[in-house]
Amino acid sequence: MKKLIDRREFLKFAGGVTAMIVVGCGGGGGDNAPGGGGPGGGGSGPGPGAGGVGTETLNFHITDAIKEMITHEPNNPNAGASECYFWVFKEDRFPADCPGPQIFAVTGDIITVNVTNDLDTPHAFFIPGMVDTGPIAPGATVTKEFTAGAPGVYLYHDNLNEPVNRVMGLHGAFVIMPAQLSTPYGNPTQSVQALFNDFGTTPWWPGLSWAAGDPANNTPAARQHIWLIHEASPVLFEEVGLAARSGTVFNATTFVNAFTNDPFLNTSNDPRTVATAQFPKSNVTVGGITRGVFNRKPHFFTMNGQSGFFSHHNPAITPMYRVGEPCVIRILNAGLNTHSLHLHANHFFVTAINNVPQENPIWVDVFTIMPMDHVDYTIPYMRPPDVPNVRGIGRADTPSQTQSGGRTWPPVEELARQMPAPPAATFPMLQSPLCFPMHDHSEPSQTAKGANYNNGMISGMYFFGDRNTPGAMNFTLDAEFRMLSGFGPHSGETGPAVGGWPPENAGP
């Protein structure tokens, strides 16, 4: 059944999103939005407005920023210099960051965008089929009005000097929802519609429908998350930025070859490092500043601008729900690498590719995301199939018996167990909630700075309970995890640049 959801629910259920704009709500979502970012409420749940056509004015500055990578945590300024220079779309309501803020609209909404170019070469703001500012000269402002088109997920980006400007950080996610809601799509195929009709209504997918929420348990309606994936090279990005200072547009072919085919060289956390006897690489001078030569391939792989611990524990990125609360992941690849995102605990349905709902939504555990692709994963949030039960599958079924005579599901014995076990442990931790990873089968993206595995492009899915098991709606959460889930939204804030950008005429 199709339903309407008030626009304010966008904000109510978006407490985990640091930078989010909901068209027609007159402000941004994020850390100050009502609602939480805690267990069961970490997703962004936008739906259509009940009050007619929404309008919004977006004020973007195309500017630059230095971002602390890996930790990307403003409360820990002494974590070390892991920095990268970016070009960014900075909206007036938010700090400068890469990617730009997530924007949610309903098909038919009217949006005015004012774009000012604060950089030294021409730039643009572009959404395919909806708005194209064309080249904006340095110091100039262009205003465009456009209408939110067909439902789907789009990449707003700078399409000049393709792909340099986009990969340098000038991109963000733009989600358009249908005016009436039963799926995320305006014209779903029969198979996709049948799948969403089954959620919450059939014995094989018991629980909530995707469009329905549960305020009593802080479960949002229209549960969805953005995974905007990207790669960054601090060495190459610095070269592009220094060239632009003199008004030089960096050659796109050179950029792509360096980004994808550079031979391996000793990498450095800081591209300002000069060649030494230990690393006797020749120096290079760009824009009057001398640097050591290091690998110009990506050092950092991000999801919504975060990585490692900080993406895996951010409830705005990582879905955190109960069995029977299906959700949709909207994936956009803004980079140049191909990624194969693999989810544990549940297979997912590929329900749309490049905003085309699929005739046959395949059910798989890994799927390839090509550069500039948009792919939707629909996660049923079924009981993990590896939990033993009579029929051996993860759907509703009689659980098997544990060695102590209990039930294998819900896993109350495991969830109540502390690791390490007291009294030997100084800081025992509960094995709860159930945490499963999402990682890229293109393994280099799981690293940072050429090493540090598991600090790259990762997310996951967490189980906080089971709404289909009487008496086991919510799992017990360890106090430390409650702290992390509450802190997660703040890990996306951009703090002051650590170390700053080198002065114009600085030496090596």
Side-chain angles (χ1 to χ4, degrees), residues 39-43 194-214 216-221 223-225 312 315 318-329 341-351 361-367 377-417 430-439 459-478 481 485:
L195 173 65
F196 280 83
N197 288 346
D198 282 354
F199 287 141
T201 64
T202 59
W204 46 90
W205 298 126
L208 284 177
S209 70
W210 172 76
D214 180 6
N217 288 284
N218 200 29
T219 302
R223 294 168 292 280
Q224 61 183 313
H225 298 252
H312 187 60
T318 298
M320 301 180 180
Y321 301 114
R322 303 170 186 85
V323 170
E325 297 176 350
C327 72
V328 176
I329 309 295
L341 304 186
H342 165 66
L343 182 66
H344 288 227
N346 272 200
H347 280 26
F348 51 82
F349 293 92
V350 179
T351 48
I362 57 174
W363 193 28
V364 293
D365 68 350
V366 63
F367 193 79
Y377 288 4
T378 296
I379 305 174
Y381 252 87
M382 60 194 280
R383 182 172 62 197
D386 57 353
V387 175
N389 57 63
V390 171
R391 294 171 58 203
I393 62 175
R395 291 176 174 175
D397 188 21
T398 304
S400 296
Q401 194 174 63
T402 66
Q403 290 182 339
S404 60
R407 295 157 54 97
T408 56
W409 187 269
V412 291
E413 296 177 20
E414 289 82 359
L415 295 176
R417 187 175 298 144
L430 290 172
Q431 293 185 213
S432 180
L434 298 181
C435 305
F436 294 86
M438 187 292 299
H439 61 102
S459 180
M461 65 180 298
Y462 288 25
F463 291 86
F464 285 107
D466 182 355
R467 65 171 42 256
N468 302 314
T469 301
M473 178 68 76
N474 299 308
F475 297 160
T476 301
L477 297 185
D478 183 272
F481 186 86
S485 65

His439 and His344: CA distance, side-chain angles, deciding distance, side-chain contact (heavy atoms from CB on, under 4.5 Å) verdict: CA-CA 9 Å; His439 61 102; His344 288 227; 3.2 Å; yes
Closest non-hydrogen atoms of Pro206 and Trp204, given as atom of the first, atom of the second and distance, are CD-C, 3.4 Å
Residues Asp466 and Trp409: side-chain donor-acceptor under 3.5 angstrom: yes
Donor-acceptor pair, side chain of Thr378 and main chain of Thr351, under 3.5 angstrom: no
Can you give me the closest heavy-atom contact between Arg467 and Gly324, atom names plus distance? CD-O, 3.6 Å
Check for a donor-acceptor pair, side chain of Asn346 on one end and backbone N or O of Tyr381 on the other, with a separation under 3.5 Å. yes
With a 4.5 Å heavy-atom cut-off, do Pro411 and Leu434 have their side chains touching? yes
Does the side chain of Ser459 pick up a donor-acceptor pair with the side chain of Thr318 at under 3.5 Å? yes
Considering all heavy atoms, the nearest Pro399-Arg407 contact: CG-NH2, 3.5 Å
Pair Arg322, Asn474: side-chain N/O donor-acceptor within cut-off below 3.5 Å: yes
Is there a side-chain contact between Ser404 and Glu413, using heavy atoms and a 4.5 Å cut-off? yes
Rounded to the nearest 0.5 angstrom, the CG-CZ distance for Asn389 and Arg383 is 4.5 Å
Check whether any side-chain heavy atom of Leu208 sits under 4.5 Å from a side-chain heavy atom of Arg223, and report yes or no. yes
Aromatic rings Phe199 and Phe196: how do their planes relate, parallel, tilted or perpendicular, breaks at 30° and 60°? perpendicular
Heavy-atom closest contact (Gly460 atom, Leu343 atom, distance): C-CD1, 4.3 Å
With a 4.5 Å limit on heavy-atom distance, are the side chains of Asn197 and Thr202 in contact? no
Could you measure the distance from the CG atom of Asp214 to the CE atom of Met473? Nearest 0.5 Å is fine. 6.5 Å
Are side-chain N/O atoms of His312 and Tyr462 paired as donor and acceptor at under 3.5 Å? yes
Nearest non-hydrogen partners of Phe436 and Ala345, listed with the distance: CG-CB, 3.3 Å
Walk me through whether Phe464 and Phe475 qualify under side-chain contact (heavy atoms from CB on, under 4.5 Å). CA-CA 5 Å; Phe464 285 107; Phe475 297 160; 5.6 Å; no
So Phe348 and Tyr377, would you call those rings parallel, tilted or perpendicular, with 30° and 60° as cut-offs? parallel
Strictly distance-based, threshold 3.5 Å: is any side-chain N or O of His225 a donor or acceptor partner for the main-chain N or O of Ile329? no
Given 3.5 Å as the limit, does a donor-acceptor pair link the side chain of Thr408 with the main chain of Ser400, or not? yes
Of all the heavy-atom pairs spanning Ala221 and Ala211, show the shortest one and how long it is. CB-O, 3.1 Å
